[in-house]
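Following: one structure in C-alpha cells, then a few remarks.
Everything numeric in this text was worked out from a predicted model, so none of it was measured.
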Amino acid sequence: MSIEMPWPALHASHSGVWITTPEGDSRGLSRGEAIRLAADTPVILLNAPLVGQRLGHPELSGLDLLELYAFLRPARFVVPTPRGLARAVDLSPPESDADIAPFLREAAASLLAMAEGDWPEREGAWTGLQSLARLRWPWAPTLTPRIARPERHERWLFSRLPEWDETANRPPPRAVVLAPDDVRDRLAQLTGAGAETRQGQRDYAAAATHAFSPRDRRDEPNMVLAEAGTGIGKTLGYLAPASLWAQQAGGAVWVSTYTKALQRQLGHEGERIFPDAAERRQRVVTRKGRENYLCLLNLEDALQGGFAGRAAILAHLVARWAAYSADGDMIGGDLPGWLPTLFRRNGSTALTDRRGECIYAGCPHYRKCFIERAARASADADIVIANHALVMVNAARGREMNSRPTRYVFDEGHHLFDAADAMFAAALTGQEAIELRRWIIGPESKARGRRRGLAARLSDVASYDEEGARAISQAVDAARHLPSDQWLQRLNEGEPFGPIESLLAAVRGLTYARAADAADAGYGLETELAEPDAALVEAAGPASEALEALLRPLVTLGRRLEAVLDESPDWMDGAARARIEGAIASLQWRRDTVTAWLSLIARIGGPAAPDFVDWLAVDRFEGREYDVGLHRHWLDPMQPFAQTVLKPAHGVMVTSATLRAGGDWDVAEARSGATHLTAAPDHFAAPSPFDYAAQSEVLIVTDVKRGDMAALANAYARLITASQGGTLGLFTAIRRLRTVHARIADRLAREGLPLLAQHVDPIDTGTLVDIFRDDPRASLLGTDALRDGVDVPGDSLRLVVMEGVPWPKPTVLHAARRLANGGKEYDDRIIRAKLAQAFGRLIRRAGDKGTFVLLSAAMPSRLLSAFPEATPVERVTLDEAIARVQLSSGARLRHEEAANAVTGEP
C-alpha cells in the first residue's frame, strides 16, 4: 500500500508500552520515554484518553484513529479496540500487545486509502475538513491532499436533513378483541418458520392479550403482571399481541424499558414485525427524553464559534455524524459512545437540550429538528419504544395529549418503582435553583452562547401584551433572589447572598451538625428534616416569600400566553403558535417545581406529611461538595404513578424476570402500582426453561474477610485467572472497585487477561460492555449500572463475582420505607431482587454455562431463594471456588476443542 506514514505508532496497556517507528521497527519502552516521545512527535494512537491513563498522563494527545474513523465513517458502529478496528477495516487482528503498535500504522494506512476513493459518507467530508483544518485538527494535514474537492457544491448538514410534515391528529383506537388463534399465528410469524415451539412463550403471549382488551370502567385498566424467567422469549411474547392490536385497532402501543440496551434490542426485534426497512421506520419508533437528542440550534452555535479548541473539533465531528444519523440520538443511538469521551466530554452535553430552553417553532431548524421528528413519528407509529422516565414525564406534564397512549407494556418492570421515585421527587438545591435562575434571566456573563432568558424568548408576546410583559419583568426581578454563580463558595465562606442561599447555608450547617458520618471524608451527608434548629426556621420565612414572589408572575405569564393563543393576533402564524404552546408547557413545569419547593419549605417547623419523606443533604464526591439542599420523596411513589399513568390507560402489562423479587404477588402489585387500582390485575408466571442445575452453580466463599482489601483483590485476581477472563465483577462501592482494579490490573494483563473498569477507564459504560462482549478473555468491573444492564450471552460472560451481599444503604429514605413495609422483610426483598438480577447476567441462552461467586460468609440462607430453583448452591473456601472455576473453564475449553476438531477449525 503506497500510503506514506511518517509517524510512529504507540500502544500502552497494563502489561507494557510499545512503539513502532516509521521504518517498521518495534520495541518496548518505559512510560516516561513514551510520554516524552508523544510530546515531541505526533504519534498514532487508538483511544488517546485510555492510552494516556495507562501512561499516567491523562492529557496525552496525538493522531487518534478513532477520530479519523468517526470522520470517515460517521454513524457506523465499531468496537474501539484493535480487534474491533481490524474488523471494521478488514484487516487481520493483532495477536498480542506487542503486535498492536505495527497494526495501528497498518490500520491508519487503510483508512487513509479509503479517503482517496469514493466511500458512502463522502458527501460533506471535504467541506467539513476545511473547517477542521482551520481548527488544527491533527489529521487535517494528512487528509486534505487525499480528499479531492467535489465538482459540485456539497450539501451542508442543515440542507441535507429532511423536513417533517404536519399531519392530522390520529383518531382514537378502535375497541377490538384479539382472537387467541390470531395471537398464536402472529407469534409464529415473529419467531419464524422452523422455530422450536415454546409452550411457555405461547402461554405468555396469551396472558399478555388481556392488556389489549377493551376496558370496562373508567380508571380501571386491564392490568397484567407477568414474571417470565430468562429464556421464555417475553419480548416476542408481548410484541405478538401488541403488534396485532396496533394493526386491528389503529392505535399505538408504548413499550417502555429502563435500560438503553433493551431499547436497542427492541429496535432490532422490529425487523421481525416489519421486514421492509422503509415501513419499519414508520411503524416502529424509538423515543427518548429531549436531553438525548442533538439540538441543531446548539450545534449551529458551536460550529459558528460558540466552542473553542478541542470542543470545536468535537462539534464538527458531531455535525458529520448528524448528517448520516438515523435519529439524532446522542445517548445510546448511532453516535459512537466513545466519541465524546475522546474529548473528555468537553462540550458534548452542551449540544443537547438539557435545560429545557427549546424555543420550538422560533428555532430556524424547527422543521428539521430530530426531537420534533421523533415526536411526530411516534404519533403515527404502531410500536413506540420509550423508557419509563419519558412515559412518566409525558403523563405528569400533560405533553402530547393528542396522542396519549392507551396501551403500555412496561418491560424491566422491576425498575418501575425506582423510575417513579426519581420522577415524582422534589429537591430544592443550589444546582436546581441556579438552573431555574438561568432559564428565567438568561446569560449574566459576557460568554458567547445562544442561551436566552424569558424576555428574549417571548419578546414578540411582550411587545403585544402589556400584562404579559409586566409578568416577564417581575419574574426576572424575582429570579435574581435565586442562587447565582459561586453560590457554593459563598456558603463555604459563611457569606450567603439572598434568601435562598441563606436557607441553603442553614441546611448545610444543620446537616453537618447531625449527620452520623460527618467526619467521613468520603461521600454525601444527610439528616432528617425533623426538629429544625432556629437558624433553619428563621431562614425558611424569607426563602418562602422569595419563591412566592417568583411564582406569582409565572402563573400570570402562563395565563397571558393562553389568552394570546385564544385571541390569535394577526402576527401569530403556525410557527408562533407552536412556540407559545411550547412556552406554556415549559412554564407549567417550572411552576410545578416552585410549588413543590414551597411545600417543602412549609415542612420546616411544621407537621410531617404522612405520604412523604423529607430530609436535608450535602452532596459530596470524594470529599468535594457539589450541592446542598432539601429533598422530598413519596413514601410510595407508585401512588402518583398510578394516578398519572395507570388510571388514564386502558391496558397495562408489567413484565420482568424478577417481578416478585423472590416473594409473593403482593410484592409485584405494590411495586407496580396495582395496589392503587380498584380492579385486581391478572397474574402470570413462567419459570425459565434453562437447566440451571447443569448450566450453573452458586459458590459462597466463606474465608475472604470483610474489609480486607488485599484479600478481596487477591480473590478477584485468582478467580479471573482461573476462568481465563469472561468475568463480570460487581461492587457496591466505587472506592472498593477502584482499589481492587489498581491492585490487579497489571497482574492480569501480564497473563494476557485485559481488565476493564467502570469509574476507572475513561470510556462510557455502553462501550465498556461492547468491548467486554467482543473479547472472551476480557473482564469487566462495575457497580449497580452493570447489575442488570448487561446482556452478554455466550462465552464472553462465564463468571459473575460479587464482592458481598448487596445490603441496602441506610439512608433516611430507606429507613422510612423499611419501617412502613415490614422491616427486615423489606430489606430481604431488595437484596433478593439485586441478587436475582446479578445472577441473571450469567445464563442468557440455552448453551450458556457459568459460575456465580459471592465473596461473603455473611450470606443468610433465607436469601438463597433469589436464585432459580434447582441451582446448586455451596459454601466453599476460596481455594475450593478457584478449583471449581478452573474445572468449569477446562471443561469448556475441551468442549470447544472437540467442536473445532469436528468442523476442522483451528
Side-chain angles (χ1 to χ4, degrees), residues 75 157-158 160-173 239 242-243 245-247 249-257 260 262-297 299 321-335 352-353 358 360-361 363 365-391 393-395 397-409 574-575 578 581-582 585:
L157 166 66
F158 299 106
R160 279 181 56 95
L161 295 176
E163 293 189 354
W164 47 260
D165 297 319
E166 292 283 4
T167 58
N169 289 337
R170 190 174 188 172
L239 284 179
S243 60
W245 179 86
Q247 175 186 326
V253 178
W254 278 51
V255 180
S256 180
T257 75
K260 293 181 176 67
L262 183 55
Q263 272 194 314
R264 288 195 297 268
Q265 178 186 329
L266 283 166
H268 295 320
E269 297 292 5
E271 297 178 9
R272 296 174 181 262
I273 306 174
F274 302 105
D276 180 73
E279 184 182 15
R280 185 168 61 252
R281 283 193 293 270
Q282 292 181 333
R283 296 298 181 187
V284 181
V285 174
T286 298
R287 285 291 309 278
K288 296 180 182 180
R290 304 183 66 87
E291 68 280 359
N292 290 272
Y293 296 92
L294 173 67
C295 170
L296 294 175
L297 192 56
L299 178 63
W321 160 78
Y324 294 91
S325 172
D327 55 10
D329 179 6
M330 293 188 69
I331 314 295
D334 53 16
L335 179 76
T352 60
D353 179 25
C358 181
Y360 298 92
C363 174
H365 310 299
Y366 180 65
R367 301 286 301 186
K368 299 182 178 184
C369 174
F370 288 115
I371 305 167
E372 295 297 328
R373 187 187 306 159
R376 281 157 179 77
S378 65
D380 294 321
D382 286 0
I383 305 293
V384 179
I385 303 168
N387 55 62
H388 299 346
L390 179 64
V391 167
V393 166
N394 281 351
R397 296 177 185 165
R399 300 296 304 275
E400 303 177 22
M401 293 300 293
N402 292 333
S403 58
R404 185 162 188 165
T406 63
R407 299 301 193 283
Y408 293 103
V409 175
E581 288 174 346

Kindly indicate whether the side chain of [X], heavy atoms from C-beta on, has any atom under 4.5 Å from the side chain of [Y].
X: Leu161; Y: His365; answer: no
X: Val384; Y: Pro405; answer: no
X: Phe274; Y: Gln282; answer: no
X: Met330; Y: Ser325; answer: no

Rounded distance [0.5 Å steps], [atom1] in [X] versus [atom2] in [Y]:
X: Arg272; Y: Ser243; atom1: CZ; atom2: OG; answer: 12.5 Å
X: Lys368; Y: Leu296; atom1: NZ; atom2: CG; answer: 9.0 Å
X: Leu294; Y: Asp353; atom1: CG; atom2: CG; answer: 11.0 Å
X: Arg407; Y: Ile383; atom1: CZ; atom2: CD1; answer: 12.5 Å
X: Cys369; Y: Arg367; atom1: SG; atom2: CZ; answer: 11.5 Å
X: Ile371; Y: Arg287; atom1: CD1; atom2: CZ; answer: 9.5 Å

Indicate the atoms forming the closest heavy-atom contact of [X] with [Y], along with that distance.
X: Trp245; Y: Thr406; result: CH2-OG1, 3.7 Å
X: Ala252; Y: Ala381; result: CB-O, 3.3 Å
X: Gly289; Y: Asn387; result: N-ND2, 4.4 Å
X: Ile273; Y: Pro275; result: O-CD, 3.6 Å
X: Pro173; Y: Gly251; result: CB-CA, 3.8 Å

With sequence neighbours excluded, what pairs up with Phe370 under the ring-ring contact (aromatic ring centres under 6.0 Å, His included) test?
-> none

Walk me through it: do Trp321 and Asp334 pass the test side-chain contact (heavy atoms from CB on, under 4.5 Å)?
-> CA-CA 9 Å; Trp321 160 78; Asp334 53 16; 2.8 Å; yes

Name the orientation class of the two ring planes belonging to Tyr408 and Trp254 (parallel below 30°, tilted from 30 to 60°, perpendicular beyond 60°).
->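 Tyr408 vs Trp254 ring planes: perpendicular.
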
side-chain contact (heavy atoms from CB on, under 4.5 Å) between Leu266 and Val255: does it pass, once the steps are laid out?
-> CA-CA 9 Å; Leu266 283 166; Val255 180; 3.7 Å; yes

Would Arg160 count as a cation-pi partner of Tyr324, with NZ or CZ less than 6.0 Å from the six-membered ring centre and within 45° of the ring normal?
->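 Judged by the rule (NZ or CZ under 6.0 Å from the ring centre, within 45° of its axis), Arg160 counts as positioned above Tyr324.
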
Among Leu262, Val391, Leu390, which one satisfies side-chain contact (heavy atoms from CB on, under 4.5 Å) with Ser256?
->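 By the side-chain contact (heavy atoms from CB on, under 4.5 Å) criterion, Ser256 pairs with just one of Leu262, Val391, Leu390: Val391.
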
Answer yes when Asp382 and Arg170 have at least one side-chain N-carboxylate O distance shorter than 4.0 Å, and no when they do not.
->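 So Asp382 pairs with Arg170 through a salt bridge.
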
With Lys260 via side chain to side chain contact (heavy atoms under 4.5 Å, CB included) - residues at least two apart = Gln263, Arg264, Lys288, Asn292, Ile331

Any donor-acceptor pair under 3.5 Å linking the side chain of Arg373 with the backbone of Glu163?
->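 Not a single qualifying donor-acceptor pair exists.
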
